[in-house]
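First up is the structure itself, then whatever we jot down about it.
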Amino acid sequence: MSSISEWLESVKEGYGSRFVSAFEEVGVEDAEDLSELAEEEAAEALFAALAKSGAKAVQLQKIRRALTNLNKGPSNDSVDAHGAPAQAA
């Protein structure tokens, strides 16, 4: 599985370097750990850490949407393999 930084970059360029520390703060070490964020308590801790690191409302929404899509699985055609919104060709 890819690193958190790589997954964040798949959500939006620049997010990897900017927000990886918030994921590490709550114990998410690699992309495999992202499934743990389906638990409400873990997700709340992550979004608090993201806000503390300076994430704005739109950035939080993009990350939340990518996590939701990732946890839904591959049935959603509008996301890539990492759960990030699919890029138009």
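Values reported hereafter were calculated over all heavy atoms of this structure, with side chains retained and with hydrogens, waters and symmetry mates removed.
Between S53 and A22, the shortest heavy-atom distance links the atoms OG-CB, 4.2 Å. Minimum interatomic distance between L60 and A55 (heavy atoms only, all atoms of both residues): CD2-CB, 3.7 Å.
Annotation: side chain of V11 is not in contact with side chain of L67 (no heavy-atom distance under 4.5 Å). A 4.5 Å side-chain heavy-atom check between V20 and W7 finds every atom pair outside the cut-off. No side-chain heavy atom of F47 sits under 4.5 Å from any side-chain heavy atom of L37.
We find the CG-CZ distance between L46 and R64 to be 8.5 Å, quoted to the nearest 0.5 Å. Here the CG atom belonging to L70 is positioned 8.5 Å from the OG atom belonging to S10, to the nearest 0.5 angstrom. For the atom pair CD (E24) and CG (D30), the distance works out to 11.0 Å, reported to the nearest 0.5 Å.
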What verdict does the side chain to side chain contact (heavy atoms under 4.5 Å, CB included) test give for Q59 and R18, after you've listed the backbone C-alpha separation in whole Å, the side-chain angles of each residue and the deciding distance to 0.1 Å? CA-CA 11 Å; Q59 296 163 329; R18 185 160 183 196; 2.9 Å; yes

L50 and F23: side chain to side chain contact (heavy atoms under 4.5 Å, CB included), yes or no, with the steps? CA-CA 8 Å; L50 284 164; F23 283 77; 4.1 Å; yes

What do the steps show when you test D33 against I4 for side chain to side chain contact (heavy atoms under 4.5 Å, CB included), and what is the final call? CA-CA 9 Å; D33 291 341; I4 293 301; 5.7 Å; no

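Remark: side-chain polar atoms of E36 are not paired, donor with acceptor, to backbone N or O of V28 under 3.5 angstrom.
Not counting sequence neighbours, the partners of Y15 by the ring pair (Phe, Tyr, Trp, His ring centres under 6.0 Å) test are F19. Considering only residues two or more places apart in sequence or on other chains, E25 meets the side chain to side chain donor-acceptor pair (under 3.5 Å) condition with K52.
Applying the salt bridge (Lys or Arg N to Asp or Glu O under 4.0 Å) test to residues at least two apart or on different chains, none of the pairs has a partner in residues 38-51.
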